[in-house]
J.: 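Next up is a structure, given as structure tokens.
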Amino acid sequence: MEKIYFHIDANSAYLSWEAVYRLQQGEQIDLRDIPSVVGGNPKTRKGIILAKSIPAKKYNIQTGETLFKALQKCPNLKIVSPNYHLYMRASNAMHEILKEYSPNIQRFSIDESFLDLNFSSKTDSIKLAFEIKERIKKELGFTVNIGISSNKLLAKVASDFEKPNNVHTLFPSEIKEKMWPLPVSDLFMVGRATTPKLHRIGIYTIGDLANTDLDYLKYTLKSHGRLIWEYANGIESSSIKSDKDTSIKGIGNSTTLPRDIDQSENALMYLLALTEMVAMRLRHAEKLCKVVVISIKNTDLSHYSHQTTLVSPTDETNIIYDAVKNLFHQAWHFQAIRHLGVRVTGFSDNDCYQYSIFDHGNLENIRTLNSTIDDLRLRYGKDIILRSTFLHKKVKPVIGGVGEDEYKMMSSLL
DNA sequence: TCTGGGGTCCTAGGACCC
DNA sequence: TCTGGGGTCCTAGGACCC
């Protein structure tokens, strides 16, 4: 028996899920068959492409570009707004099916999972991959690509080969033929910043990278150089990480403001709304945080951050917000603000809350109040209860998050 | 009407301690 | 009275992923 890894990747996930849902609702047109995208609202300055159909791809429409630009390329492009709750449900449904095949499953992102299984032959593994792919298509209505190999990295690269609705293998013996001719930017962990650096030293394909002297790469790119050299050679040996193996390290929410802000009271209102959501998620995760970070993006998209370490770990909205307020006053450059973020890290378990001598008031009562508010918001919606600051204001009292079934995003770690 | 929002890890410099 | 080295924590920024 040999251990084999599968990487399952939903094809154009958001768009496919949106298409399936709309067909179920009686819509006649399948979004997957026409040039279409899932994208944000340009009026609130969130108008970028989150997912595109294969016909849209033929117009050279790119994920991440503005709707404005996409419409120039394809004037009759169909645009639909994202519905994250729906995507979460579709993702969960896929996860439930995959779980039946192996207890060793790692949810890598909303639309990707790794499985490991034991097979007596490679042919058997391919057979099973086809079975899983067909089952998802039949039961859930969307297609997936499945990559098969002897490690997670190669399985992931394989699932990215010809799409949609395909099974590909990339075993070590196939690396030279199937992976080395690809542009180096196709390699996991070679992104926007590394690609031009590699080009500058004459590395254009994954094969070029694989055959470059390791010491030279380490000298130019430090530890990242070793990592991508190993990946280019198919060297990777991490195992499946279960939900229990990985615990969340930080929680953050951020938002692009509908309009630039140049007044601190206004900015603080958004920061409070963001803090409410961050603190609620923190309590839901049963963690305490020691570090609070704010981030600010200017109109020109340059950005900066400022952080502080608390006297003692907390999950209390007001304590976190006090820190946020101080950070903002210390950090703000008095330039117009486009985007604000609040993030907490430095986690510990919440089973032994340390009452600091600096705490004021009856914290036990405040903690009870917080959990009551969390319950109400979970049951009746985020806006059911609000601080008086938000009365008659246009700012929503709680900003960010989709608020259900959180899962980790281990995106730069296999 | 010009680029979203959620994560992780690494690095480098400074502070501080022994 | 002029100077070492190692370890750890904190902070800011940058890289990567989806």
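Every chain is numbered from 1 and lettered A, B, ... according to where its sequence line falls, protein lines coming before strand lines.
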J.: Taking the side chain of Glu112(A) as its heavy atoms from C-beta onward, which of dT3(B), dC18(C), dT11(B) lies nearest to it?
T.: dC18(C)
J.: Check every strand shown and say whether Leu50(A) touches a base, only sugar-phosphate, or nothing at a heavy-atom separation below 4.0 Å.
T.: base
J.: Ignoring backbone atoms, test whether Lys222(A) places a side-chain nitrogen or oxygen under 4.0 Å from the OP1 or OP2 oxygen of dA15(C).
T.: no
J.: Is any side-chain nitrogen or oxygen of Thr194(A) closer than 4.0 Å to OP1 or OP2 of dC16(C)?
T.: yes
J.: Check every strand shown and say whether Lys290(A) touches a base, only sugar-phosphate, or nothing at a heavy-atom separation below 4.0 Å.
T.: nothing
J.: Does a side-chain heavy-atom distance below 4.5 Å link Leu71(A) with Thr66(A)?
T.: no
J.: For a quick test of reading the model: is some side-chain N or O of Arg343(A) closer than 4.0 Å to OP1 or OP2 of dG5(B)?
T.: no
J.: Give one of base, sugar-phosphate or nothing for Gly252(A), where a contact means two heavy atoms less than 4.0 Å apart.
T.: sugar-phosphate
J.: What is the base-pairing partner of dG13(C), counting Watson-Crick and G-U wobble geometry with both distances under 3.5 Å?
T.: dC10(B)
J.: Angle class for the Phe328(A)/Trp332(A) ring planes (parallel below 30°, perpendicular above 60°, tilted otherwise)?
T.: parallel
J.: Please check the phosphate of dG5(B) (OP1 and OP2 only) for any side-chain N or O of His339(A) closer than 4.0 Å.
T.: yes
J.: Indicate whether OP1 or OP2 belonging to dC9(C) is found under 4.0 Å from a side-chain N or O atom of Thr309(A).
T.: no
J.: Does one side chain, of Ser238(A) or Glu236(A), offer a donor that lies under 3.5 Å from an acceptor on the other?
T.: yes
J.: Please figure out whether Ile48(A) or Thr345(A) has its closest DNA chain B nucleotide nearer the 5' end.
T.: Ile48(A)
J.: So, does Arg338(A) get its side chain near the phosphate of dT3(B), meaning an N or O under 4.0 Å from OP1 or OP2?
T.: yes
J.: Across the strands shown, which category fits Val291(A) at heavy-atom distances under 4.0 angstrom: base, sugar-phosphate, nothing?
T.: nothing
J.: Kindly say if Lys297(A) contacts the phosphate of dG4(B), meaning a side-chain N or O under 4.0 Å from OP1 or OP2.
T.: yes
J.: I want to verify a distance call: between dC16(C), dT8(B), dA12(C), whose nearest atom is closest to the Ile248(A) side chain?
T.: dT8(B)
J.: Quick check on dG4(B): is either OP1 or OP2 less than 4.0 Å from any side-chain nitrogen or oxygen of Ser254(A)?
T.: no
J.: Locate the shortest heavy-atom distance separating Phe142(A) from Ala90(A); write the atom from each residue and the value.
T.: CZ-O, 4.5 Å
J.: Among the candidates dA12(C), dT3(B), dA15(C), find the nucleotide nearest to the side-chain atoms of His306(A).
T.: dA12(C)
J.: Below 30° counts as parallel, above 60° as perpendicular, anything between as tilted: where do the rings of Tyr14(A) and Tyr87(A) land?
T.: parallel
J.: Side-chain N or O of Thr299(A) less than 4.0 angstrom from OP1 or OP2 on dC2(B)?
T.: no
J.: So, does Ser223(A) get its side chain near the phosphate of dT11(B), meaning an N or O under 4.0 Å from OP1 or OP2?
T.: yes
J.: For dC16(C), does either OP1 or OP2 sit under 4.0 Å from a side-chain N or O belonging to His224(A)?
T.: no
J.: Would you mind reading off the distance between Glu230(A) atom CD and dC16(C) atom C1', rounded to a whole angstrom?
T.: 17 Å
J.: Can you figure out which of dC17(C), dG13(C), dG5(B) approaches the side chain of Met189(A) most closely?
T.: dC17(C)
J.: Ignoring backbone atoms, establish whether Ser109(A) has a side-chain N or O less than 4.0 Å from OP1 or OP2 of dC17(C).
T.: no
J.: Using a heavy-atom cut-off of 4.0 Å across all strands, would you classify Lys69(A) as base, sugar-phosphate, or nothing?
T.: nothing
J.: What nucleotide, of dA12(C), dT3(B), dC18(C), holds the atom closest to the side chain of Gln307(A)?
T.: dA12(C)
J.: Under a 4.5 Å cut-off applied to non-hydrogen side-chain atoms, are Val292(A) and Leu327(A) in contact?
T.: yes
J.: Heavy atoms only, 4.0 Å cut-off, all strands: where does Lys43(A) land among base, sugar-phosphate and nothing?
T.: nothing
J.: Can you tell me which nucleotide in dG5(B), dC9(B), dT3(B) comes closest to the side chain of Thr66(A)?
T.: dT3(B)
J.: Give a yes/no on whether any side-chain N or O of Asn253(A) is located under 4.0 angstrom from OP1 or OP2 of dG6(B).
T.: yes
J.: Answer with yes or no whether the side chains of Ser149(A) and Asn151(A) bring together a donor and an acceptor at under 3.5 Å.
T.: no
